[in-house]
K.L.:
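Structure incoming, see below.
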Amino acid sequence: MGLFKRLTKSKNPDSKKFRREMAYAVSGQHIKYVTEKRDGVDEVIGRNGGLNIRNDEFIVYASADVVFRCPVDELQIWELLSRDGVVLTGPDLEHGGIERTVIAYYVYYRK
């Protein structure tokens, strides 16, 4: 990462700039599975997919279906401490605009 990018990187998680930077940073990742917490239990809602951005919407694609779709500027996003996945919270346009939180776990590639 260049010096200029490091100096101008947003650190406020509520800013549009931070949300866009995080969305573009994880976009293109392949995912192993996606979970959502329902009644205190993590349930797998999709397997084998990817994270993409199209028309300013962040899309989680898994199990040959769109499981989560949210405008980039309204998406709260942060990576897990283990760096094995990402937590996404926002209004899900694919399911009527209700607020949802899903966790997408990356595919592990040995390098």
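In what follows, every heavy atom counts, from backbone to side chain, and hydrogens, waters and symmetry copies are set aside.
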K.L.:
What I'd like to find out is whether the side chain of E79 reaches to under 4.5 Å of the side chain of V26, using heavy atoms alone.
P.N.:
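Heavy-atom side-chain distance check passes, below 4.5 Å.
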K.L.:
Do I31 and Y24 belong together in a cluster built from hydrophobic side chains that touch within less than 4.5 Å?
P.N.:
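Same cluster: I31 reaches Y24 through Ile, Leu, Val, Met, Phe, Trp or Tyr contacts under 4.5 Å.
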K.L.:
How many angstroms lie between atom CZ of R69 and atom CZ of R100, to the nearest 0.5 angstrom?
P.N.:
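One finds 12.0 Å between CZ of R69 and CZ of R100.
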K.L.:
Once you round to the nearest 0.5 Å, how far does CD of E21 lie from NZ of K16?
P.N.:
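Rounded to the nearest 0.5 Å, the CD-NZ separation comes to 14.5 Å.
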K.L.:
Using the test salt bridge (Lys or Arg N to Asp or Glu O under 4.0 Å), find all partners of D56 that sit at least two apart in sequence or belong to another chain.
P.N.:
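Salt bridge (Lys or Arg N to Asp or Glu O under 4.0 Å) check on D56 returns R20.
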K.L.:
Whether the side chain of D92 engages the backbone of E94 through a donor-acceptor N/O pair (distance < 3.5 Å, no angle test) should be reported.
P.N.:
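Here the side-chain-to-backbone pair exists.
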K.L.:
Is it the case that one hydrophobic cluster holds both Y33 and V60, taking links as side-chain heavy atoms less than 4.5 Å apart, direct or via other members?
P.N.:
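In one cluster: no.
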K.L.:
What I'd like to find out is whether the side chain of F68 reaches to under 4.5 Å of the side chain of L75, using heavy atoms alone.
P.N.:
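Counting from C-beta outward, F68 and L75 do come under 4.5 Å.
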K.L.:
Can you measure from NZ (K17) to CG (D73) and round to the nearest 0.5 angstrom?
P.N.:
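Answer for the NZ-CG pair, K17 versus D73, is 14.0 Å.
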K.L.:
Which pairs would a plain distance check flag for residues 41-48, meaning a side-chain donor or acceptor within less than 3.5 Å of a matching protein atom at least two apart in sequence or in another chain?
P.N.:
residue	atom	partner	partner atom	Å
E43	OE1	R38	NH1	3.3

K.L.:
Side chains of E99 and T89, heavy atoms from C-beta outward: is any pair under 4.5 Å?
P.N.:
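Sidechains of T89 and E99: in contact.
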K.L.:
Please say yes or no: joined through hydrophobic side-chain contacts below 4.5 Å, possibly via intermediate residues, are M22 and V72 part of one cluster?
P.N.:
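Linked, M22 and V72 end up in one cluster.
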K.L.:
Do L51 and F58 have side chains that approach each other closer than 4.5 Å (heavy atoms only, starting at C-beta)?
P.N.:
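L51 reaches F58 side chain to side chain.
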K.L.:
Restricting to non-hydrogen atoms, name the atom on G97 and the atom on P91 that form the minimum distance, rounded to 0.1 Å.
P.N.:
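Scanning both residues, the minimum pair turns out to be O-CB, 3.7 Å.
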K.L.:
Please determine whether residues Y61 and L93 belong to a single hydrophobic cluster, defined as Ile, Leu, Val, Met, Phe, Trp and Tyr linked transitively by side-chain heavy-atom distances below 4.5 Å.
P.N.:
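Different clusters.
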K.L.:
Quick check: is Y106 connected to V67 through a chain of hydrophobic side chains (ILVMFWY, heavy atoms under 4.5 Å apart)?
P.N.:
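Yes, V67 and Y106 fall within the same hydrophobic cluster.
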K.L.:
Could you measure the distance from the NZ atom of K32 to the OH atom of Y105? Nearest 0.5 Å is fine.
P.N.:
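Result: 9.5 Å between the selected atoms.
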K.L.:
Is L80 close to I103 at the side-chain level, that is, under 4.5 Å between some pair of heavy atoms?
P.N.:
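Yes - at least one pair of side-chain heavy atoms lies under 4.5 Å apart.
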